[in-house]
Protein chains: 2
Amino acid sequence: MKSSSLVSNNVTIFEVASQAGVSYGTVSRVLNQDQHVKAETRERVMKTIRDLGYVVNRQARSLAGGKTHIIGILVPDLGTGYIGEIIQGINTELQIASYDLMLYTTHRTPVLEADYVASLAQGMVDGLLLVLPRNPEDYIGILNSRHFPFVLIDHQGIGQNCPAVGATNWQGAYNATEYLIQLGHTRIGFITGWMDLGAAVDRLEGYKAALWAHHIPFTEDLVRQSTFHQLDGYNCAMDLLNQPVPPTAIFASNDVMAFGAMDAVREKGQRIPEDISIVGFDDIPQASIIHPALTTVRQPLRNMGNVATQMLLELLKNPDTPTKRIELPTGLVVRDSCQPPRG
Amino acid sequence: MKSSSLVSNNVTIFEVASQAGVSYGTVSRVLNQDQHVKAETRERVMKTIRDLGYVVNRQARSLAGGKTHIIGILVPDLGTGYIGEIIQGINTELQIASYDLMLYTTHRTPVLEADYVASLAQGMVDGLLLVLPRNPEDYIGILNSRHFPFVLIDHQGIGQNCPAVGATNWQGAYNATEYLIQLGHTRIGFITGWMDLGAAVDRLEGYKAALWAHHIPFTEDLVRQSTFHQLDGYNCAMDLLNQPVPPTAIFASNDVMAFGAMDAVREKGQRIPEDISIVGFDDIPQASIIHPALTTVRQPLRNMGNVATQMLLELLKNPDTPTKRIELPTGLVVRDSCQPPRG
DNA sequence: AATATTTTTGTAAACGCTTCCAAATCCGCG
DNA sequence: CGCGGATTTGGAAGCGTTTACAAAAATATT
């Protein structure tokens, strides 16, 4: 009986109804777990459904009911596994709630981003998960005014209070910097992410705060503005290392830039961690497979996906759930890329 | 006018029709580029559509027309960037054809796989892209008998001829093995993937063929059956290295197992490539960032996504396009993980 | 100028479901 | 036994399209 749903094509509630000797309204009620059905009738209908291999037509259901049971997710790309992890988290929750996932990648094109959001919000999906959005200012206002449910992942929101889940970026950067300081480092290079992203700013601030707390003067000479990309990480690290008095440690604002920094260090003929310590941020899967394994600040990516999805589903169920921003804790993962400075 | 579509919520063809002074049928015809509309009328309707910010309701359209303009993609996971690359390729094509993408991850649970396929084929999507399917036998027959359009990516199909795109696995493995042989290696370890996947078998066969062509005796002692996972790659490599006469090179059937092998080599206190050469397969993004950069057989993943999508779209447009299987060429990417054996 | 032909437009009937309202059935109790 | 209220069921209407068919308008033909 299992695969009969694949075999028989177009069973409708009408066929189920006539087979079970009830009206189609009753079948619909059973399908929607309406309480107003006699237990015995429900049983009979469910059996018929199984026998006939009936599967509800989602299009019809959403036309009639106004809900699609699809949620959309907008991501910048799928390159690094960073997004992949988040999606796994989202997926788990969605599966439980039996929602479907519509995936859109923007490749960081703001135009696309706004367009997608426009047409999605038009009824294609019930809610939206926006991962690492680049220019949400363009549309968040509109989504809000239309009361369209959405949750931001890894973005601070934009002044207005929107539902969002992020991580304690500041604290993570603070802890990582402090770890390096406690190892004895005082000249710690820092490579930022896109500074238009709140997370990148927070990480820089955490770094500064840790220096400050340990009475180490902050200097712009040790900071390089970058883009979260590996190659830029490489270039910035190179630049940092070419200074008259180079840093003894480099803290990159994400893991792939840390990988780039590692390349730079090696190209200068120096060793990690003996000559230079490296710290990353994110703890993407590759961080533990690279050699030496990267010490990094772990973001609970999967968990962020879980939580964001739960928030969105809650929002769908109960639209006036108060808006909240959740920050999941980050944690320092100590591996092999750091040690006290030489001498 | 740009964002009016976001502002106004429920414009239907009826409103457009009355605004434009035509019947709703005509609007529908304009929407579907039906030729039977006077040019002037078409213009007027299109203007109204723009003015009102009308957007077609996809649910209604597919209920009536039978097509969803959504294609489904079934992937095992999103962990390694391998799938991510393929998805990028798919996405590009889909964007051009303005189809939407529904993503399902199976985590390699055969049950899920079959269930998904069942309900998807039920009308949720117009076609299916099956990436690296594990047990397609369970449902390919049924899909075929229902004439449901699908394309396999990175799978050999199952005897029957189904549309599929793959890569020249045999040739790639042959070339990589030959490369090692030409460097002077004669004891070349080989770590397989899941042997229930055709691609894995082909790679093993390519390896064997190259040995044979160069009169190097094949021995099971140098082959380990594995699973495409990093940890298993590590274990198999360890096992290989612990033999009385260990290999001087290891060829892993994919990159992440090669990463695992690298870990094993290092743990044995040996260096890459000085003591042991390593070759992978796939050329996922990480292969070039790991240190030493991995010599590997490049699969044109993005391209495979492109081609598969084009095939599927063609199949949708013209259901009796003859079935074909396309094999895209692989190529050896020489980086830093190999050198001639010592001594 | 009248008819035949073609092009364009209007309309009704699906598509498969949800949901509301009214009708039927059931139950307990006087 | 009959009545009121609660529970259960049936059926109509509507969701926003597409599409087949018929009607109307435009054009060509004699």
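Just the heavy atoms: all of them, side chains too, but no hydrogens, waters or symmetry mates, feed the values below. Nothing here was measured: the structure is a model prediction, and the numbers come from that model. Throughout, protein chains are lettered first and strands after them, A, B, ... in sequence-line order, and every chain is numbered starting at 1.
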Could you give me the CA-CA distance, side-chain angles and deciding distance for A:D77 and A:T105, then say whether side chain to side chain donor-acceptor pair (under 3.5 Å) is met? CA-CA 6 Å; A:D77 61 68; A:T105 70; over 6 Å; no
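Looking at heavy-atom distances under 4.0 Å, A:S28 makes contact with a base. Across all strands, A:R29 comes closer than 4.0 Å to base atoms (heavy-atom distances). Residue-level contact check: B:S62 touches neither bases nor backbone, having no heavy atom under 4.0 Å from any strand.
Along DNA chain D, the nucleotide closest to A:Y24 and the one closest to A:T41 are compared, and the more 5′ of them pairs with A:T41. Where B:A64 and B:R44 meet DNA chain C, the nucleotide closest to each residue was compared, and B:R44 sits on the side nearer the 5' end. The residue among A:K38 and A:G25 whose nearest nucleotide of DNA chain C lies closer to the 5′ end is A:G25.
Remark: A:T12 engages A:F14, A:E15 in a side chain to side chain contact (heavy atoms under 4.5 Å, CB included) (not counting sequence neighbours).
If you walk DNA chain C from 5' to 3' and mark each nucleotide with an atom closer than 4.0 Å to a heavy atom of chain A, the marks span C:dG16 to C:dC20.
In this entry the distance linking NZ of A:K67 with P of D:dG16 reads 13 Å, nearest Å. Note: CD1 (B:I49) to P (D:dG16) measures 16 Å, nearest angstrom.
The closest side-chain heavy-atom distance from A:V165 to A:R325 is not below 4.5 Å. In this structure, A:Y99 and A:L313 have side chains that are in contact, with non-hydrogen atoms separated by less than 4.5 Å.
Side chain of A:H36, nearest nucleotide from D:dT18, D:dG10, D:dT8: D:dT8.
Taking 4.0 angstrom as the limit, B:N32 places a side-chain polar atom (N or O) nearer than this to OP1 or OP2 of D:dT18. Taking side-chain N and O atoms only, B:Y54 has a distance below 4.0 Å to OP1 or OP2 of D:dT17. Put simply, A:S23 has no side-chain N or O that comes within less than 4.0 Å of OP1 or OP2 on D:dG11. Proximity of B:T12 to the phosphate of D:dG16: no side-chain N or O atom is located under 4.0 Å from OP1 or OP2.
Within the 3.5 Å criterion, the main-chain N or O of B:Q88 finds a donor-acceptor partner in the side chain of B:T92.
Each end of the helix from C:dA1-D:dT30 to C:dG30-D:dC1 gets its own axis from five base pairs, and the two axes differ in direction by 50°, given to 10 degrees.
Among all heavy-atom pairs drawn from B:K67 and B:S62, the shortest one is O-CB, 2.8 Å.
Note: A:T309 OG1 to A:I73 CD1 = 8.0 Å, rounded to the nearest 0.5 Å.
There is no side-chain donor-acceptor pair under 3.5 Å between B:N91 and A:Y104.
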